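Notes follow once the structure below has been shown.
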Amino acid sequence: MKITIKKLFTFLLTALMISAPALSLLSCSEKVDGGYVLVNGEKVVPEYVMQIGDKKVSFDEYRYYYLYSRDNNDQGDRTYWDGDGSKAADLLSYVENNIVSQYVMQIMADELKITLDETDNKDITDNYASAVEYYGGEDAFNKKLAENYLTPELYNDLSKTSALTYKAYQYYYGDNGTMKFTDEEYADYFEKNYYAAYNILFLYAEGEDATNCPETIKKINEISERIKNGEDFITLSTTVGDDIEGMKANPNGYHFTEGDMVGEFYNTVKSLEINGISEPFTTSYGCHIVMRVPLNADTRESMKEKVLYGYTDSYNNWVSGYYETLYQELVNDKKESITVKYSDIYDKISPTTVY
């Protein structure tokens with residue numbers, strides 16, 4: 001379970017604050033009035049679960065993080081956790097890392113003397129009122145909160161935490177951030193980490209895949225021969241194959257870094273010299289030929305916001321920006337100096353004991 005800064009804010013921003021409808025998207029399968037840990041058949045409600053520095057994590061807060069993560073993994077099928085216990089151990093570690101990171105960001109905000117101002121508090125109040133209105137009143141909203149392992153008090157507390165920790169992030173990497181890149185630093189980062197290429201692709205025919213695709217291999221080999229006989233690669237990329245529209249939309253070629261493209265595509269382009277053309281190769285999409293080209297300065301600038309701050313791709317997946325990576329490093333460095341202690345109940349926590 002990989003943790004990114006976006007995921008650290010996911011519980012708070014996506015699931016809670018941004019819009020009232022977002023609350024209805026939480027994948028929760030159990031609806032209970034209150035929370036507890038089942039210990040030897042008895043319902044135990046601990047005062048707290050963890051202590052991070054001098055801050056205690058209440059059971060209500062821990063329970064929300066834990067059950068939200070549990071449900072997103074098993075989708076309501078508790079047999080998912082059967083086996084040697086490794087999945088449950090991974091869940092426990094994942095939740096702990098998320099919570100510790102959240103609290104470390106709060107500690108960082110405290111040290112920077114960052115506080116919520118009148119505008120922040122009004123936004124939180126307005127968001128709460130909008131959520132109540134969306135669900136048709138306090139009773140209906142409170143019921144929805146309970147279904148999602150929340151109380152009104154916890155909802156508001158987490159909303160404030162989200163606003164505070166995001167302001168800490170903005171302190172470093174916002175519009176006037178103290179560690180925001182200069183134009184020269186951004187250009188240097190882009191040059192060292194990005195590649196550009198034109199692509200000719202044929203999607204697999206029905207019944208084919210990367211290990212067995214004679215029809216599609218034949219098509220791409222024919223294009224490869226045409227290129228070797230002198231036809232212009234860039235012209236062909238916008239006239240033949242199944243990526244014509246993509247190439248027309250990216251007249252300077254695709255610009256990408258590791259993780260943006262499937263591994264075979266990225267590694268093939270990286271292995272080429274500038275203006276080098278690959279032999280045909282396969283990915284999960286189909287059969288390709290690529291031509292690596294120089295990075296384009298205009299494209300670099302048009303991508304700046306996405307590269308540094310991240311974006312949501314066409315599949316609604318979050319792609320982290322570089323500032324998130326840098327901020328995660330700051331958080332991780334700070335975590336090294338923070339002491340984490342556990343209550344007696346901690347080793348009783350499992351996917352089938354927390355309610």
Side-chain angles (χ1 to χ4, degrees), residues 2 4-9 166 169-201 227 232-279 281 283-286 288-332:
K2 184 180 179 181
T4 66
I5 291 296
K6 177 66 175 180
K7 285 184 178 179
L8 293 177
F9 291 136
Y166 189 66
Y169 170 75
Q170 291 291 100
Y171 172 89
Y172 292 109
Y173 300 109
D175 291 340
N176 299 307
T178 60
M179 299 179 70
K180 186 178 178 181
F181 275 12
T182 63
D183 291 341
E184 292 77 15
E185 286 171 331
Y186 167 65
D188 182 63
Y189 168 74
F190 195 90
E191 290 289 331
K192 290 178 178 177
N193 292 277
Y194 276 74
Y195 300 88
Y198 290 96
N199 179 43
I200 297 174
L201 163 70
I227 293 168
D232 181 66
F233 189 104
I234 298 175
T235 300
L236 285 171
S237 73
T238 60
T239 55
V240 299
D242 295 310
D243 198 20
I244 293 173
E245 295 305 313
M247 286 290 87
K248 287 182 177 179
N250 293 273
N252 297 316
Y254 291 126
H255 284 57
F256 56 92
T257 190
E258 186 172 9
D260 288 348
M261 300 291 193
V262 292
E264 298 90 344
F265 190 101
Y266 172 82
N267 290 330
T268 299
V269 173
K270 185 178 179 180
S271 70
L272 296 171
E273 299 292 333
I274 298 296
N275 296 321
I277 298 173
S278 74
E279 292 296 322
F281 65 96
T283 71
S284 56
Y285 293 98
H288 306 249
I289 308 173
V290 292
M291 176 181 180
R292 182 177 174 182
V293 292
L295 295 168
N296 179 271
D298 290 338
T299 301
R300 180 191 70 214
E301 291 308 304
S302 71
M303 292 176 63
K304 188 173 184 178
E305 190 77 10
K306 289 183 175 181
V307 169
L308 294 180
Y309 289 101
Y311 63 97
T312 301
D313 67 15
S314 58
Y315 299 99
N316 204 35
N317 296 314
W318 178 252
V319 179
S320 297
Y322 187 53
Y323 283 159
E324 291 186 23
T325 300
L326 295 177
Y327 189 57
Q328 182 68 75
E329 291 175 359
L330 289 177
V331 173
N332 287 341

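Note that the structure is predicted; figures quoted are calculated from it, not measured.
- Within the 4.5 Å cutoff, the side chain of R300 has no heavy atoms near those of the Y194 side chain.
- Residues I227 and I200 are in side-chain contact: their nearest non-hydrogen atoms beyond the backbone lie under 4.5 Å apart.
- When each of D232, T238, T239 is tested with T235 by the rule side chain to side chain donor-acceptor pair (under 3.5 Å), just one qualifies, namely D232.
- Here the side chains of P294 and N275 are in contact, with some heavy-atom distance below 4.5 Å.
- Considering only residues two or more places apart in sequence or on other chains, E258 meets the salt bridge (Lys or Arg N to Asp or Glu O under 4.0 Å) condition with none of them.
- Counting only residues at least two apart or in different chains, salt bridge (charged side-chain N to carboxylate O under 4.0 Å, His left out) contacts with residues 302-315 comprise D183-K304.
- Applying the ring-ring contact (aromatic ring centres under 6.0 Å, His included) test to residues at least two apart or on different chains, the pairs with a partner in residues 291-317 are Y309-Y323.
- Between Y189 and Y322, the distance separating the two ring centers is shorter than 6.0 angstrom.
- At a threshold of 4.5 Å between non-hydrogen side-chain atoms, the residues Y173 and L330 count as touching.
- Partners of E279 according to the side chain to side chain donor-acceptor pair (under 3.5 Å) rule, which considers only residues two or more places apart in sequence or in another chain, are K228.
- For the ring-ring contact (aromatic ring centres under 6.0 Å, His included) condition, the pairs that include at least one residue of residues 239-264, sequence neighbours left out, are F256-F265.
- By the salt bridge (Lys or Arg N to Asp or Glu O under 4.0 Å) test, R292 is found to be paired with no residue, residues two or more places apart in sequence or in another chain being considered.
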